[in-house]
Amino acid sequence: MKREVKKLIRLLFRDKEFFESIGFSTEESVVFFSLLNGKSTSSISHEMGLSIHKVRHIKRERFHLIPLFIHRKLEQISREGRSQVRDNLQQMEQLVSDCLQQFRRMQEYSIHELSLSRRTVNALVAHRIQNTRNLLQYSRSDLLAIRNIGEEALREIEMELSRLGLDLLD
């Protein structure tokens, strides 16, 4: 499935200019285009003359938006297409939606990178929750059972996860 998604992304985003047209800077566009074409962060860093930390920062801060843009692009194409194209696009859109969910779940952010209060971060870290991957394994009731996590901290966590396009377990 991962291979199919990469192929789909390459087809939809054949040129660097498309990234700029959907709101990325020139630098971000080159980084994303290179990432989608299989280049490593270190080779991108070397080619662009950026620090590896800068490339990783761009990837971490904005890369998770690409599946959202793919979804928009598919919606745009489906409104303009013919019936057979529309059927194929609906199948592709379902695949992209599934991949988007998986992609969001795979993104891993340190708890310290999230916009959470110090108290909430400390409570999560004390419970050995170090990143979003760990956090997403908990339900609302599980989190409320953690010392120093109350309704306010829970709302704060849910808002931050929502901003990233993530949700806690049901």
Side-chain angles (χ1 to χ4, degrees), residues 1-10 12-13 19 22-25 27-29 31-36 38-42 44-45 50-75 90-170:
M1 177 135 105
K2 190 175 182 182
R3 191 176 308 139
E4 293 169 343
V5 172
K6 282 186 177 181
K7 184 177 178 181
L8 175 63
I9 290 170
R10 285 187 191 121
L12 292 173
F13 299 116
F19 287 105
I22 58 175
F24 290 113
S25 71
E27 191 174 75
E28 290 171 335
S29 299
V31 168
F32 296 141
F33 187 76
S34 299
L35 287 168
L36 290 174
K39 291 188 180 179
S40 68
T41 52
S42 58
I44 295 168
S45 169
L50 297 172
S51 73
I52 194 144
H53 300 293
K54 175 72 173 173
V55 174
R56 286 181 181 154
H57 176 75
I58 290 171
K59 179 182 175 184
R60 183 177 58 245
E61 291 297 314
R62 305 274 287 176
F63 196 71
H64 68 282
L65 298 174
I66 290 175
L68 299 172
F69 291 127
I70 293 172
H71 191 70
R72 282 191 206 154
K73 176 85 171 167
L74 287 173
E75 286 176 347
Q90 286 175 344
Q91 291 173 354
M92 288 171 54
E93 186 172 7
Q94 182 60 47
L95 174 65
V96 169
S97 293
D98 295 344
C99 292
L100 177 59
Q101 289 293 5
Q102 285 183 326
F103 188 84
R104 285 178 174 162
R105 290 243 173 238
M106 287 182 350
Q107 283 294 332
E108 186 174 309
Y109 299 92
S110 167
I111 291 300
H112 300 285
E113 291 178 286
L114 303 178
S115 297
L116 298 173
S117 68
R118 181 174 287 180
R119 178 184 172 109
T120 302
V121 169
N122 289 342
L124 292 171
V125 170
H127 200 70
R128 294 195 172 99
I129 299 174
Q130 299 291 329
N131 53 50
T132 52
R133 185 171 294 169
N134 300 140
L135 184 59
L136 294 174
Q137 295 174 4
Y138 288 82
S139 68
R140 297 189 78 209
S141 58
D142 294 336
L143 288 174
L144 286 171
I146 296 173
R147 185 171 182 219
N148 292 328
I149 299 284
E151 288 293 330
E152 186 177 330
L154 185 60
R155 275 193 301 277
E156 181 183 1
I157 291 167
E158 287 180 322
M159 283 179 25
E160 184 62 10
L161 289 177
S162 175
R163 183 183 70 79
L164 297 172
L166 301 170
D167 294 310
L168 294 170
L169 291 175
D170 291 331

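Not measured: the values here are computed from a predicted model.
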Asker: Evaluate the side-chain proximity of Val31 to Lys54: yes if any heavy-atom separation is below 4.5 Å, no if none is.
Answerer: no
Asker: Which heavy atom of Ser45 sits nearest to which heavy atom of Ser51, and what is that distance?
Answerer: OG-C, 3.5 Å
Asker: Taking the side chain as every heavy atom from C-beta outward, state whether Glu151 and Arg140 have any pair of such atoms under 4.5 Å apart.
Answerer: yes
Asker: Working to the nearest 0.5 Å, report the span between NE2 of His127 and CG of Asp142.
Answerer: 8.0 Å
Asker: Just checking, is any N or O donor in the side chain of Thr120 or Ser117 under 3.5 Å from an acceptor N or O on the other one?
Answerer: yes
Asker: Quick test of your reading of the model: are Arg155 and Glu152 salt-bridged, counting only N-O distances below 4.0 Å?
Answerer: no
Asker: Tell me if a side-chain donor or acceptor on Ser34 pairs with a main-chain N or O of Lys39 at a distance below 3.5 Å.
Answerer: no
Asker: Do Glu160 side-chain atoms and Leu114 backbone N/O form a donor-acceptor pair below 3.5 Å?
Answerer: no
Asker: I need the minimum non-hydrogen distance between Leu154 and Ile149, along with the two atoms involved.
Answerer: N-CG2, 4.5 Å
Asker: Just verifying a value: how many Å separate Ile52 CD1 and His57 NE2, rounded to the nearest 0.5 Å?
Answerer: 14.5 Å
Asker: Between Leu124 and Leu116, does a side-chain contact (heavy atoms from CB on, under 4.5 Å) hold up when you go through it step by step?
Answerer: CA-CA 10 Å; Leu124 292 171; Leu116 298 173; 4.0 Å; yes
Asker: Hey, what do you get for CD1 (Ile44) to CD (Glu27), rounding to the nearest 0.5 Å?
Answerer: 11.5 Å
Asker: Between Glu156 and Ser115, what is the shortest heavy-atom contact and its length?
Answerer: OE2-O, 4.2 Å
Asker: Let me confirm one number: the CD1-CD1 distance from Ile129 to Ile157, rounded to the nearest 0.5 Å.
Answerer: 7.5 Å
Asker: Looking only at heavy atoms, what is the nearest atom pair of Gln130 and Asn134, with distance?
Answerer: N-OD1, 3.2 Å
Asker: Between Leu143 and Leu168, is any pair of side-chain heavy atoms under 4.5 Å apart?
Answerer: yes
Asker: Working to the nearest 0.5 Å, report the span between CG of Leu135 and CG of Asn131.
Answerer: 8.5 Å
